[in-house]
Protein chains: 2
Amino acid sequence: MPTPDRTSLEEIVAAAWAVLEAEGLAGLTMQAVAVKVGVRAPSLYKRVRDRDALLALVAVAAVDEVARRLEPAATLADIAHAYRAFAHERPQGFRLIQSGGADPASLARASEPVLRIAGDLVGPGDALEAARLVTAWATGFLTMELAGAFRLGGDLDEAFEYGLARLTAALTPA
Amino acid sequence: MPTPDRTSLEEIVAAAWAVLEAEGLAGLTMQAVAVKVGVRAPSLYKRVRDRDALLALVAVAAVDEVARRLEPAATLADIAHAYRAFAHERPQGFRLIQSGGADPASLARASEPVLRIAGDLVGPGDALEAARLVTAWATGFLTMELAGAFRLGGDLDEAFEYGLARLTAALTPA
DNA sequence: ACCTGAACACCGTTCAAGT
DNA sequence: ACCTGAACACCGTTCAAGT
């Protein structure tokens, strides 16, 4: 007689992400995830190959949420602010994305709005490179902000707006 | 009778960094470092508090090497290229720096050349924010490049030069 | 078919005993 | 004073046995 499912892959991924944000990467143990979904650790292996695969699934979920948040953006400023809000609310998810392993389809979906807006500014020929300029800047700024790497004083909100303004100007045709 | 030292903190940090680059973060075990320096794992704890402290020391060593490489830079392009060369040669060290934990003194030394060159371009009032713009862009570009996050084709060397050219123009007074 | 206890391998860390 | 073997705790993972 088959037993009814006591959890699901989606629930496991959501639980893993919650544990990650609450306890950090080292605190994301199979045991902690199992407790959160109400099964024993070995049961997780029915739905996930191993811990690394679970981390990769959380990374995909994180990229998907970024894509969802960026979708309505109409300007570079919209993109930058939505991306920064995500990084502040889910810092561990943001860092996990940067560790690699997110799948190409999700990445493409997340980068679509930036490509569209960048293309409107600089034209199709430079759209990809302009999008990479903006994305790299925002990603680096947030990575450094979360890592506490900006230690020379100054207001970080202002520094973010400064970068955004300079990049927008640099990509706006005269 | 005291036994003669069979290793040193410097040797341990160098060995840990070498293991990190060769085997990745998960392969950086106390046992692997111990084998590399020719002692047993418990002996490492005479010189290092724990594995996290060892990782922090490797991060400091990595930031110090970045500082050393950036020191002779005279232009933003020099900085960008030296930083990228470091990231390509020691990708794990680069990623470790981004994880935080590098100490303020090393960070300040590494950021001095960028501050100086940015200040020459935009003046002292905007030097810090301009330096953060360039540093954030380069850090983000390299993070994404190493993570394999640029999957929409295009030449990455060209994308890097495009960003560098746009940023240099944006920070060069008319 | 999913779930579990038991077991195993591996790793970080401590410590008493050596020199 | 540094070094080591032995031991312990913790975690990822497997698997046979339950339902």
Side-chain angles (χ1 to χ4, degrees), chain A residues 1-62 92-93 95-96 99-102, chain B residues 1-62 92-93 95-96 99-102:
Chain A
M1 206 55 130
T3 37
D5 292 13
R6 245 168 261 185
T7 184
S8 68
L9 183 57
E10 294 73 37
E11 192 189 12
I12 289 169
V13 173
W17 194 356
V19 171
L20 176 67
E21 295 294 344
E23 311 294 341
L25 191 54
L28 175 47
T29 64
M30 299 302 274
Q31 157 81 348
V33 175
V35 167
K36 190 133 193 142
V37 301
V39 298
R40 305 290 175 161
S43 299
L44 300 175
Y45 293 85
K46 279 285 153 184
R47 301 191 162 77
V48 169
R49 196 209 311 266
D50 56 22
R51 184 175 178 271
D52 278 347
L54 179 53
L55 280 173
L57 289 171
V58 173
V60 170
Q92 298 287 345
R95 290 174 73 149
L96 187 61
S99 309
Chain B
M1 206 55 130
T3 38
D5 292 13
R6 245 168 261 185
T7 183
S8 68
L9 183 57
E10 294 72 38
E11 191 189 12
I12 289 169
V13 172
W17 194 356
V19 171
L20 176 67
E21 295 295 343
E23 311 293 340
L25 192 54
L28 176 47
T29 64
M30 299 302 273
Q31 158 80 348
V33 175
V35 166
K36 191 132 191 141
V37 301
V39 298
R40 305 290 176 161
S43 300
L44 300 176
Y45 294 84
K46 279 286 154 183
R47 301 192 162 76
V48 169
R49 196 208 313 264
D50 55 24
R51 184 176 178 270
D52 277 347
L54 180 52
L55 281 172
L57 289 170
V58 174
V60 169
Q92 298 287 343
R95 291 173 72 149
L96 188 61
S99 309

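Chain letters run A, B, ... following the sequence lines, proteins first and then strands; every chain starts at 1.
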Nearest heavy-atom contact between A:Ala34 and A:Arg40 is CB-C, 3.7 Å
Indicate the atoms forming the closest heavy-atom contact of B:Ala32 with B:Gly27, along with that distance.
-> CB-O, 3.9 Å
Nearest-Å distance, [atom1] ([X]) to [atom2] ([N])?
| X | N | atom1 | atom2 | answer |
| --- | --- | --- | --- | --- |
| B:Arg40 | C:dT19 | CZ | C1' | 16 Å |
| B:Asp50 | C:dC11 | CG | P | 17 Å |
| A:Asp5 | C:dA1 | CG | C1' | 8 Å |
| A:Met30 | C:dC3 | CE | P | 13 Å |
| B:Leu44 | C:dC15 | CG | C1' | 16 Å |
| B:Leu9 | D:dC2 | CG | P | 12 Å |
| A:Lys46 | D:dT14 | NZ | P | 11 Å |
| A:Arg51 | C:dA9 | CZ | C1' | 17 Å |

Heavy atoms, side chains only, cut-off 4.5 Å: are B:Asp5 and B:Arg47 in contact?
-> yes
Quick one: which of [options] gets closest to the side chain of [X]?
| X | options | answer |
| --- | --- | --- |
| A:Arg6 | C:dG12, C:dC3, D:dT4 | C:dC3 |
| A:Arg47 | C:dT13, D:dC2, C:dC2 | C:dC2 |
| B:Val39 | D:dG12, C:dG12, D:dT4 | D:dT4 |
| A:Pro42 | C:dC2, C:dA6, C:dG12 | C:dA6 |

D:dT4 phosphate, OP1 or OP2: any side-chain N/O from B:Ser43 under 4.0 angstrom?
-> yes
Heavy atoms under 4.0 Å, any strand shown: does A:Thr29 hit a base, just sugar-phosphate, or nothing?
-> sugar-phosphate
So what does A:Arg49 hit on the nucleic acid, given a heavy-atom distance under 4.0 Å: a base, only sugar-phosphate, or nothing?
-> nothing
A:Arg95 side, atom CZ; A:Glu21 side, atom CD - distance, nearest 0.5 Å | 10.5 Å
From A:Leu57 atom CG to A:Ile12 atom CD1, the distance as rounded to the nearest 0.5 Å = 9.5 Å
For A:Tyr45 and for B:Thr7, find the nucleotide of DNA chain D with the closest heavy atom, then tell me which residue's nucleotide is more 5'.
-> B:Thr7
Base-pairing string, 5' to 3', of DNA chain C - Watson-Crick or wobble, under 3.5 Å, | interstrand | ||.|||||...|||||.||
Within the distance-only criterion (no hydrogens, no angle test), does the side chain of A:Arg6 pair as donor or acceptor with the backbone N or O of A:Ser43 below 3.5 angstrom?
-> no
Of B:Leu54, B:Val58, B:Leu55, the residue whose pairing with B:Trp17 passes side chain to side chain contact (heavy atoms under 4.5 Å, CB included) | B:Val58
